[in-house]
Amino acid sequence: MIQTQLEKLIAQSLKRAQKKGELPKFPVPAIAVTRPRRQGQGDYSCALPLQIVRDVNNALKAQQAGKLAPMQIGEILLKRLPAAEFLDRAEIAKPGFINLYLSPAWLARQTALISQQGGEYYQVDLGEGKKVQVEFVSANPTGPLHFGGARNAAIGDALARLLENSGYLVQREYYVNDRGTQMRTFAMTLWRRYQQLFGMDVEIPADGYPGAYMIEYAEKIKAEHGDSLLSLTEEEVPERFQELGLKIVLDELEHDLAMMNVHFDNWFSEQSLYDNGDFAKVYAILRDQDDLYEKDGAVWFRASKYLKSDRDEVFIRSNGEPGYFASDIAYHYNKFIVRGFEWVIDVWAVDHQNQAKRLPGTMRAFGIDPQRLTIVLYDLVTLKRGGKEVKISKRAGEIVTMREVLEEVGADAARYFLLSHSNEARIDFDIDLAVAQSSENPVYYIQYAHARSASILRKAADAGLKPATDHLALLTCPEELALLRKMLQLPEVVINAVDHLAPHHLPHYALDLAKTYTNFYGHCRVIDMERKDLTEARLMLVQAAKTTLAYVLSLMGMTAPEQM
RNA sequence: GCCCCCGUAGCUCAGUGGCAGAGCAUCGGACUUCUAAUCCGUUGGUCGCAGGUUCAAGUCCUGCCGGGGGUGCCA
């Protein structure tokens, strides 16, 4: 990447200047080349002279030599800066910045590489083939996914896509909480709804699920099994209805997530941890390490041994059922030890922050470095309709489902909007506003830029013109070069997004890129039958821009339409 | 009480220690288009408050104020 190469060049110039005796000797600090936010300060800039002025002058004082100002240090560094094909020139700017300018000719040549290599041109190898799992959504399978889950899906899937394109081997997993009290209540509610369909005078459990969707599920069961299940014994009911209900919900989840272009590689059953012996193994390990003890009729896990905290966690509740902590620990034992993931990312809503703070540390009990478990927390989505908040409550049966929002605003717009906020920021999502504004939504602006490039290429092909590399040097307009610069920024955006597990940088960059492209489009007419050479070069640029737009859109899980 | 997150333009939000940004909205222009779902220009901010660190702070540290969340034998 250009940025790191520039950092190396500047480090070299400092070493050279020290070797020549133009600057005194001191340890070379970490050198940071950044993108200036304003124009006219180079494509990149570096504050090294300001950063080292104190070291320089301290060393000079020890030699009883005179002081140097940051600007003078900059001049010395500039003189020793090695040449590079991508570097046009470097300048000193007050109070002591080195501004670096990319070579226009080199920039123009990149269009050919981008067009040929497509998304690969932008791929960075951060992961080196490391096996990483992204576990996300994982909502309780007791009903349709509410819209808050859509944010989880958008973030988790974008992270997976970012990692896949950064050299990681990624698995997407959905953790299915298919055991415990919630599941039991779900099954019993379903059973009652089923009975009611046959006119039986029964009530759903007091703590049951009142939502109308439960009746739909019961109707599905009735359609398939008729009245044959009415004869089940009291012991058979919970298990059978859990099984039937779970299948319906999982099918529905898979379908709804597919609407958002999200697909999981694996649906992992919580129950399987107990069936396959993982839980028993974990229990034995902890017991043998004296990490478990009994109190108040429950079995406790000595979390305080592994965390900076004096609080322990209930492992087996006094009713004999394992608590959620037990399942979580066994689950992550399975991820690391049984399945061998080197890195695990869980995407959780902020209301699990306490667990998020504690779970990684407990991995030490199995000799697993807590750093291998990253929990990405995101804040909730507040849904509004016409400025009024819509309460999401599964309990009251009043929920806004992901499906209905997707049907209203579309998957692309929903994904874009959900991704465009930083994970920690709460989102106010006004459905009416989202629908009303959809025509002037940035989503369409970005997709439109892509569709336009496709259109130009089609039109050119009809006229017998194709992108060609022969005259790329003709790409010298400010708008052309600005577009190239913006495209080359993509790897930096990806690295930043991966480093911070912050996919919200993607939509902002995409909008920026589309804007730069549209500006080019407005200023530089591409197809010009009088100038075949320039047309071919610009077509190459258009193709490169189209590739880049499509690549960013795919990182966000959005479609890149050929026409709109 | 203690812990975490948020507070930046009218609105919605970006901002990796380097001269405060985008979209929308406002106002003024441009439609015989390679797709006007567009373009050009304009208005708009003591970055919640107060200290501190630094050559340099929206950004790092401390303390406040306001909003949200967490602190279960729920998950």
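Quick note on labels: first sequence line is chain A, next is B, and so on, each numbered from 1.
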With a 4.0 Å cut-off on heavy atoms, is [X] in touch with a base, just the backbone sugar-phosphate, or nothing at all?
{"X": "A:Glu562", "value": "base"}
{"X": "A:Glu321", "value": "nothing"}
{"X": "A:Cys46", "value": "nothing"}

Go through the structure and list residues passing ring-ring contact (aromatic ring centres under 6.0 Å, His included) with [X], not counting sequence neighbours.
{"X": "A:His421", "answer": "A:Phe417"}
{"X": "A:Phe186", "answer": "none"}
{"X": "A:Tyr324", "answer": "none"}

May I have all residue pairs that pass salt bridge (Lys or Arg N to Asp or Glu O under 4.0 Å) and include part of residues 512-526 of chain A, sequence neighbours excluded?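 Those involving residues 512-526 of chain A are A:Lys486-A:Asp512.
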Do A:Tyr521 and the base of B:U38 stack face to face, with centres under 5.5 Å apart and an angle between planes under 30°?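 Here A:Tyr521 fails the 5.5 Å or the 30° condition.
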Pick out the pairs of N or O atoms, protein on one side and nucleotides 53-55 of chain B on the other, that lie under 3.5 Å.
from	atom 1	to	atom 2	distance (Å)
B:C55	OP1	A:Arg54	NH2	2.0
B:C55	OP2	A:Arg54	NH2	3.4

Are a donor atom and an acceptor atom from the side chains of A:Asp328 and A:His332 found within less than 3.5 Å of each other?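 Their side chains do not contain a donor-acceptor pair, so the 3.5 Å distance test is not met.
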Determine whether the side chains of A:Tyr416 and A:Asn441 contain a donor N or O and an acceptor N or O closer than 3.5 Å.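 Side-chain D/A pair, A:Tyr416 to A:Asn441: absent.
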When you match A:Tyr448 and A:Gln3 each to their closest nucleotide on RNA chain B, which lands nearer the 5' end?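 Of the two residues, A:Gln3 wins.
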Identify, between A:Ser45 and A:Leu457, the residue whose nearest nucleotide on RNA chain B lies closer to the 5' end.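 Closest to the 5' end, via its nearest nucleotide, is A:Ser45.
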Measure up the [X] and [Y] rings against each other and bin them: parallel (under 30°), tilted (30 to 60°), perpendicular (over 60°).
{"X": "A:Phe315", "Y": "A:Tyr283", "answer": "tilted"}
{"X": "A:Tyr517", "Y": "A:Phe520", "answer": "tilted"}
{"X": "A:Trp267", "Y": "A:Tyr174", "answer": "parallel"}

Pairwise [atom1] distance, [M] and [N] [rounded to whole Å]:
{"N": "B:A75", "M": "B:G70", "atom1": "C1'", "value": "14 Å"}
{"N": "B:U8", "M": "B:G15", "atom1": "P", "value": "14 Å"}
{"N": "B:C3", "M": "B:G72", "atom1": "P", "value": "16 Å"}
{"N": "B:U53", "M": "B:G17", "atom1": "C1'", "value": "12 Å"}
{"N": "B:U16", "M": "B:A57", "atom1": "C1'", "value": "14 Å"}

Proximal nucleotide (of B:U16, B:G18, B:C6) relative to the A:Arg35 side chain: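 Taking heavy atoms from C-beta onward, the closest nucleotide is B:U16.
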Scoring nucleotides 70-75 of chain B by protein non-hydrogen atoms under 4.0 Å (B base, S sugar-phosphate only, - none) yields SS-BSB
Encode nucleotides 7-15 of chain B as B, S and - characters from 5' to 3', where the letter depends on protein heavy atoms closer than 4.0 Å: B to the base, S only to sugar-phosphate, - to neither. -----SSSS
For B:A37 and A:Tyr444 - does any side-chain N or O of the residue sit under 4.0 Å from the phosphate oxygens OP1/OP2?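 False: A:Tyr444 side-chain N/O out of range (4.0 Å or more) of B:A37 OP1/OP2.
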Return no unless some side-chain N or O of A:Tyr445 is found under 4.0 Å from OP1 or OP2 of B:C39.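 Result: yes.
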side-chain contact (heavy atoms from CB on, under 4.5 Å) involving [X] - partner list, sequence neighbours excluded:
{"X": "A:Asp310", "result": "none"}
{"X": "A:Asp55", "result": "A:Phe26"}
{"X": "A:Pro360", "result": "A:Pro370, A:Leu373, A:Ile375"}
{"X": "A:Ala537", "result": "A:Leu472, A:Leu475"}

Consecutive-pair stems (at least three Watson-Crick or G-U pairs, under 3.5 Å) that include RNA chain B: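 So far as stems of 3 or more pairs are concerned, RNA chain B shows B:1-7 with B:65-71, B:10-13 with B:21-24, B:27-30 with B:38-41, B:48-52 with B:60-64.
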Let me know the distance between CZ of A:Phe97 and P of B:C19, rounded to the nearest Å.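 These atoms are roughly 7 Å apart.
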Quick one: is the NZ or CZ of A:Arg151 closer than 6.0 Å to the six-membered ring centre of A:Tyr378, and within 45° of its axis?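 Verdict for A:Tyr378: no cation-pi partner in A:Arg151.
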Judged by atom type as modelled, is there a donor-acceptor pair below 3.5 Å linking the side chain of A:Asn319 to the main-chain atoms of A:Glu321?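 Between the backbone of A:Glu321 and the side chain of A:Asn319 there is a qualifying donor-acceptor contact (under 3.5 Å).
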